[in-house]
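Note that ligands are numbered from 1 as they come in the structure, with each ligand's atoms numbered from 1 the same way. In this chain, numbering begins with 1 at the start of the sequence shown.
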Amino acid sequence: MKTHIVLLGPPGSGKDTQGKILSCKLGIPLISSGEALRTEIENGSEIGLEFEKLIASGALVPDEVMFEFFTTILSRYNLSEGFVLNGFPRTLKQAEFLSGYLKEVDCDINCAIYINVPDTEIIKRICDRLLCGNCGAVYNAYLNPPKNVSICDRCGAPLQRREDDEEQVVLKRLEVYHNETAPLIEFYRLAGVLFEVDGVGDIGSVTQRLLEVIND
Ligand code: AMP
């Protein structure tokens, strides 16, 4: 079983949902850069305010800032026991930084999974996405609606939209993805650890495809 996993794919390809499921099934932590940045924003720190502006515009946090921030996050984990990384790396520089960091703690990525979903499907998915701020459940107003329009089925908390899920911001995030992040597919292909999975279909089917790759 492969346990040093990076999830790749455009925003809205299901990395977050699948990452949570994999983390549970494999018993290894999900380390999500987007979640870590949003927590920093909620904490109201000075750097959090900077993150908030960048995220709301659909731009990336600059690499150098990200290196410092994410090193602190990574240092909380015993990485040699395995992990699912979501949202980091997002640029070639970040991928190189991560390789160097992992080498120092004596491990390496052995599975980078590219969840392939076409842009047309992404826009449909994200613009109708609803999130539970309490338990983290993710819904889609059309594809996977909650029983009550604005309440989480799982914990009863009110559902919210992510500020960066507005259509204009989504288009910007997709552009940034194609320019900055998509080249990582080639990076991990060259490293011999790339696996591609079709990300279209219901959540359970995509999980099965991911598990086949991981367990192979
Ligand atoms: P996500 O939740 O992964 O979609 O990330 C939301 C936003 O956080 C992104 O659109 C970026 O603005 C920022 N972000 C997350 N991860 C990174 C990263 N590795 N490098 C730079 N910015 C990031």
Residue pairs fulfilling ring-ring contact (aromatic ring centres under 6.0 Å, His included) with at least one residue in residues 40-79, sequence neighbours excluded: Phe51-Phe69, Phe67-Phe97, Phe70-Phe88
Looking only at protein heavy atoms, which one is nearest to atom 22 (N) of ligand 1, and what is the separation? Val61 N, 3.1 Å
Option with minimal heavy-atom separation from atom 6 (C) of ligand 1, where the choices are Lys172, Glu180, Arg162: Arg162
The reported gap from NE2 in His4 to CD in Glu81 (rounded to nearest 0.5 angstrom) is 9.0 Å
Closest protein heavy atom (residue, atom, distance) for atom 14 (N) of ligand 1: Leu37 CD1, 3.3 Å
Does CG belonging to Asp106 count more than 12 external heavy atoms closer than 6.0 Å? no
So is Arg38 close enough to ligand 1, meaning a heavy atom under 4.0 angstrom away? yes
Hey, which atoms in ligand 1 end up nearer than 4.0 Å to a heavy atom of Ser33? 15 (C), 16 (N), 17 (C), 19 (N)
Which residues, ordered by chain and number, are linked to Leu131 in its hydrophobic cluster, where ILVMFWY side chains connect at heavy-atom gaps below 4.5 Å, directly or through other members? Val138
Salt bridge or not between Asp164 and Arg129? Use side-chain N to carboxylate O under 4.0 Å. no
Provide, to 0.1 Å, the distance between atom 20 (N) of ligand 1 and the closest protein heavy atom, together with that atom's residue and name. Gln94 NE2, 2.9 Å
When you compare the side chain of Leu194 with that of Leu8, does any pair of heavy atoms fall below 4.5 Å? yes
Relative to ligand 1, is Lys15 under 4.0 angstrom through side chain, backbone, both or neither, heavy atoms considered? neither
Which option, Glu35, Lys53, Arg90, owns the non-hydrogen atom nearest atom 17 (C) of ligand 1? Arg90
Any atom of ligand 1 sitting under 4.0 Å from a heavy atom of Ala59? yes
Same cluster or not: are Ile214 and Val197 linked, directly or through other Ile, Leu, Val, Met, Phe, Trp or Tyr residues, by side-chain heavy atoms under 4.5 angstrom apart? yes
Find all atoms of ligand 1 within a distance of less than 4.0 Å from any non-hydrogen atom belonging to Gly87, and give their numbers and elements. 16 (N), 17 (C), 18 (C), 19 (N)
At under 4.0 Å between heavy atoms, what of Ser32 touches ligand 1? The answer is neither
Around atom NZ of Lys93, are there more than 12 heavy atoms from other residues, nucleotides or ligands closer than 6.0 Å? no
Which part of Leu60 is near ligand 1, with near meaning a heavy atom under 4.0 Å away: side chain, backbone, both or neither? both
